[in-house]
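The model shown is predicted, which means the values in this text are computed figures rather than measured ones. As the structure lists them, so they are numbered: ligands from 1, and atoms in each ligand from 1.
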Amino acid sequence: MTAEIISGTQIRKEILAEIKEDVEKMKEKHGKVPGLVTILVGSNPASQSYVTLKIKTALSLGFHEIQDDQPEDISEEDLLALIEKYNNDDDIHGILVQLPLPDQIDDKKVLNAINPDKDVDAFHPVNVGRLMIGGDEAKFLPCTPAGIQEMIVRSGTETSGAEVVVVGRSNIVGKPIAVMMAQKGIGANATSTIVHTRTKDLAGHCKRADILIVAAGVPDLVKPEWIKPGATVIDVGVNRVGMNEETGKAILKGDVDFEAAKEIAGKITPVPGGVGPMTIAMLMKNTLKSAQWALGDI
Ligand code: GUN
């Protein structure tokens, strides 16, 4: 049987519509809207295109949006001062510093300077700690893991007692999603295992997963015979494997051999159109939440 496709494009649409409704309610009740500042240093084309999409999405939801572009040679001191300015701006609820930053700037120092209560990327150590504690303590969830969990829930996948196997141990995806799935709560209560490049029997672990989350950055790493029949497969990989000469666009492939895997899995996310579109939606959700906290609504 062919797997049900979990469409990130469709789920994103639903989430953005929900956020837009909440923004309208906030405007009626408080005369205020969520505020997001995007800080882009330099002119890295990939960063520019990500930031443009974030700005466009924020504006489409009726957010107050500040696009703060800074030159490539900005000093660390000036960037830290800029962050401090937005930490103290009551109309700004989310501060996003697009990574990577130029060499003269220490990424960690910059991320740690953001007020944790405006850290909508959830990269600050305080938010990493809050995520680990879980429950109400976890104010912001990192955007890609939050998107993955949302897709699992909205696809109707049972998580309570499920075996979740996460391939990859990055700070941005692998480690947080494994912890989130093992927490108490909706869309969680699972048994999590993290596997990685040093794992002895990668295939064996994957094969017992009811929910297989793959964030390894290796195209077609997961073979169909590694998948338990009926499992939910979430493919986080976005690998550029070539160029379509007609369209001039990159050919993208996930970490899972999709064509073969969809004949075994129960539910599966495609690449593109799967996890990718969810990340910005969750960034917007974090910004909305931050504004709701600031206004005392949650
Ligand atoms: N660069 C690539 N991905 C991200 C992200 O999720 N957040 C930020 N701030 N920078 C990035």
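- Nearest protein heavy-atom contact of atom 3 (N) of ligand 1 is Gln98 NE2, 4.4 Å.
- At a cut-off of 3.5 Å, with distance as the only test, no side-chain donor of Ser7 or Arg12 sits close to an acceptor on the other residue.
- Glu163 and Arg208 are joined by a salt bridge, as a carboxylate oxygen and a charged side-chain nitrogen come within less than 4.0 angstrom of each other.
- Annotation: Tyr50 places no N or O atom under 3.5 Å from an N or O atom of ligand 1; distance criterion only.
- Comparing Ile95, Leu99, Thr279 by heavy-atom distance to atom 10 (N) of ligand 1, the nearest is Leu99.
- Exactly one of Asp78, Val97, Leu111 qualifies for a side-chain contact (heavy atoms from CB on, under 4.5 Å) with Ile83. That residue is Val97.
- Within ligand 1, the atoms closer than 4.0 Å to a non-hydrogen atom of Val97 are 8 (C), 9 (N), numbered from 1 in the order shown.
- The heavy atom nearest to atom 5 (C) of ligand 1, out of those in Ile172, Leu101, Asp121, is found in Asp121.
- With respect to the salt-bridge test (charged N to carboxylate O, under 4.0 angstrom), the residues Asp119 and Lys139 do not qualify.
- Side-chain heavy atoms closer than 4.5 Å link hydrophobic residues (I, L, V, M, F, W, Y) into clusters, and following such links, possibly through other members, connects Ile95 to Ile66.
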